Amino acid sequence: MTVIIDYGAGNLFSVQNALEHIGAECKISRDPSEIETADRLILPGVGAFPDAMKMLSKAGLTEVIKEQAAKKPLMGICLGMQMLFDTSLEFGKTDGLGLIPGSVELMTPVGLPIPHIGWNELEKNIPSPLLTDKKGEYVYFVHSYAAVTDEKYVAAYCDYGMKVPALVQNGSVYGCQFHPEKSGETGLDILRRFAAL
Amino acid sequence: MLAKRIIPCLDVRDGKVVKGVNFEGIKEVGDPVECACEYNAQGADEIVFYDITASHEGRGVILDVVRSAAKKVFVPLTVGGGIKSVEDMRSTLRAGADKISVNSQAVKNPQLIKDGADIFGSQCICVGIDTKRNAQGKWTVFINGGRIDMHLDLIEWAKTVERLGAGEICLNSMDTDGVRGGFDIPMLKAVVQAVNIPVIASGGAGRVGDFADAFLQTDCSAALAASLFHFRELTVGEVKDDCRAKGIPVR
């Protein structure tokens, strides 16, 4: 059972639709005991970092997520991915979950608009159980901030006037800056691999 | 590098897909959810549902269409037509849309763009613009499915919607729409130069090469077509093969 964590922010239904489509058993929940018994967790997120961290804490889920992340696969999506890092500079400095070393900062692509919206190509960096070695795979991005982290945590980058960490990982913790649930077959494959972990 | 997007548009009325020529003589051609699945299989980068009669006959079953499509299609979905308020935007996004397209209502009430962008984010808000050249050679903005000329200058309006927080402009040339002679290159160039947000070319695609022409001759980010894909004269895959062969990045 995959639990999609519901803390009041996010693309919960899109993620649920995608998991159901690939035949993965899933549930949207904010119950700490269900988070504890889940086989794996998905942390979605849309919006601003400080609000999302506040909502997570208000829902009483910050500690249980940190604790469970050491025991089972966890995938953060978009803002949920950014929340996995130590801090974010969006609207001032806010602490994240600290599950992957690094910070989240405003992107500074040369000569390109912000936000970065659209289909961009994954450029693989280090091996990941979520990726194949296929070339020319595109996924869908919508974001203005990006992770700043050591390349040993980056399974794939994309090129948007700068190297943008697209898929990050640290042990059983994974983060997609893109939306796998909106990235066609490539995205569904990433979710299939995650659901099989 | 970002891929150029190919976007099929489904004009929907009463839950059925229709396509008109110059907005007149509308014919019905099918089930929107089925069409969306077909386009998804062909490699569409995004799918637009446009409720064409909603702006003057009220909103209807479009939310059910979106809800069903969102269970089967895993690329971004844009919904437009008759969205009049932040509440309409919220219900459409909750049904599974990723973006909202506003057109006539944005002209009548520009604050709607700002309110939508502030609450849901600019990436959610696409402003559709129907426009054509007048006798003096200037492009003006039309509303209500091209029925009413607002005598509003296209370039001024494009800059205004960007300032209000629109994340994208879908530029529909009524001069070329349904005529199939290619996208309106001069109009696209003028708007792309005036704003820093992505511009989607709409209206006029007739041949496979028209898409590549728009991408090679202007900096538009995406190109949209309805009838061409609908009547199965071309597939999204064929358009992408042509773009790829011409060195244009596509997914």
Side-chain angles (χ1 to χ4, degrees), chain A residues 9-22 45-48 51 78-79 90 109 111-123 136-145 157-164 166 178-192, chain B residues 1-7 37 39-47 66-78 93-99 117-126 162 165-169 192 195-200 219-222 236 240 244 249-251:
Chain A
N11 43 333
L12 304 175
F13 297 105
S14 299
V15 175
Q16 186 181 32
N17 282 339
L19 289 174
E20 282 174 355
H21 184 79
I22 61 169
V46 170
D51 291 343
C78 198
L79 179 62
E90 188 177 6
L112 291 169
I114 290 286
H116 168 218
I117 303 183
W119 294 85
N120 211 329
E121 191 177 351
L122 289 176
E123 291 169 8
E137 290 191 308
Y138 282 81
V139 289
Y140 189 75
F141 292 85
V142 182
H143 64 117
S144 299
Y145 285 75
Y157 287 97
C158 74
D159 172 13
Y160 188 67
M162 58 184 277
K163 277 172 93 178
V164 180
F178 53 92
H179 287 276
E181 76 285 7
K182 288 288 167 183
S183 295
E185 273 308 312
T186 302
L188 293 176
D189 265 347
I190 289 168
L191 290 173
R192 269 186 204 107
Chain B
M1 204 202 292
L2 266 194
K4 298 288 184 179
R5 290 169 284 155
I6 305 297
I7 307 176
C37 290
Y39 289 153
N40 182 43
Q42 289 179 11
D45 295 311
E46 196 169 314
I47 294 167
V66 179
R67 231 170 258 124
S68 314
K71 287 193 190 338
K72 293 180 177 169
V73 174
F74 300 98
V75 296
L77 301 176
T78 301
L93 292 168
R94 280 196 72 90
D98 300 286
K99 297 184 196 178
D118 284 350
I119 297 171
F120 308 112
S122 285
Q123 81 288 343
C124 276
I125 311 296
C126 173
E162 178 182 32
E168 195 162 62
I169 288 172
V192 167
V195 299
N196 292 313
I197 51 178
V199 176
I200 304 171
D219 283 329
C220 67
S221 303
V236 175
K240 288 192 166 182
R244 214 173 274 123
V250 287
R251 176 170 74 106

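In what follows, chains are A, B, ... by sequence order, proteins preceding strands, each numbered from 1. Because the structure is predicted, anything quoted here is derived from the model rather than measured.
- Proximity to chain A involves both the backbone and the side chain of Arg251(B), based on heavy atoms less than 4.5 angstrom apart.
- Taking 4.0 Å as the cut-off between side-chain N and carboxylate O, Glu185(A) and Arg192(A) count as a salt-bridged pair.
- In this structure, the side chain of Asn120(A) engages the main chain of Asp159(A) through a donor-acceptor pair within 3.5 Å.
- Applying ring-ring contact (aromatic ring centres under 6.0 Å, His included) to Trp119(A) and the options Tyr138(A), Phe141(A), Tyr160(A), Tyr140(A) leaves one that passes, Tyr140(A).
- Using a 4.5 Å cut-off between heavy atoms, His143(A) does not touch chain B at all.
- For a residue to count as touching a neighbouring chain, one of its non-hydrogen atoms must lie under 4.5 Å from one of that chain's; by this rule Leu188(A) touches chain B with the side chain only.
- Counting heavy-atom pairs closer than 4.5 Å to chain A, the top residue among Gln123(B), Lys71(B), Arg94(B) is Lys71(B).
- Within a 6.0 Å sphere centred on CG of Asp219(B), heavy atoms belonging to other residues, nucleotides or ligands number 12 at most.
- Between His21(A) and Phe74(B), the ring-plane angle classifies as tilted under the 30° and 60° cut-offs.
- Proximity to chain A is limited to the backbone of Lys72(B), based on heavy atoms less than 4.5 angstrom apart.
- Interface summary for chain A: among Asn40(B), Asn196(B), Asp45(B), Asp98(B), the most heavy-atom pairs under 4.5 angstrom belong to Asp45(B).
- Between Ser221(B) and Glu168(B) there is no side-chain heavy-atom pair separated by less than 4.5 Å.
- For the options Val250(B), Leu77(B), Val75(B), heavy-atom pairs under 4.5 Å to chain A are most numerous at Val75(B).
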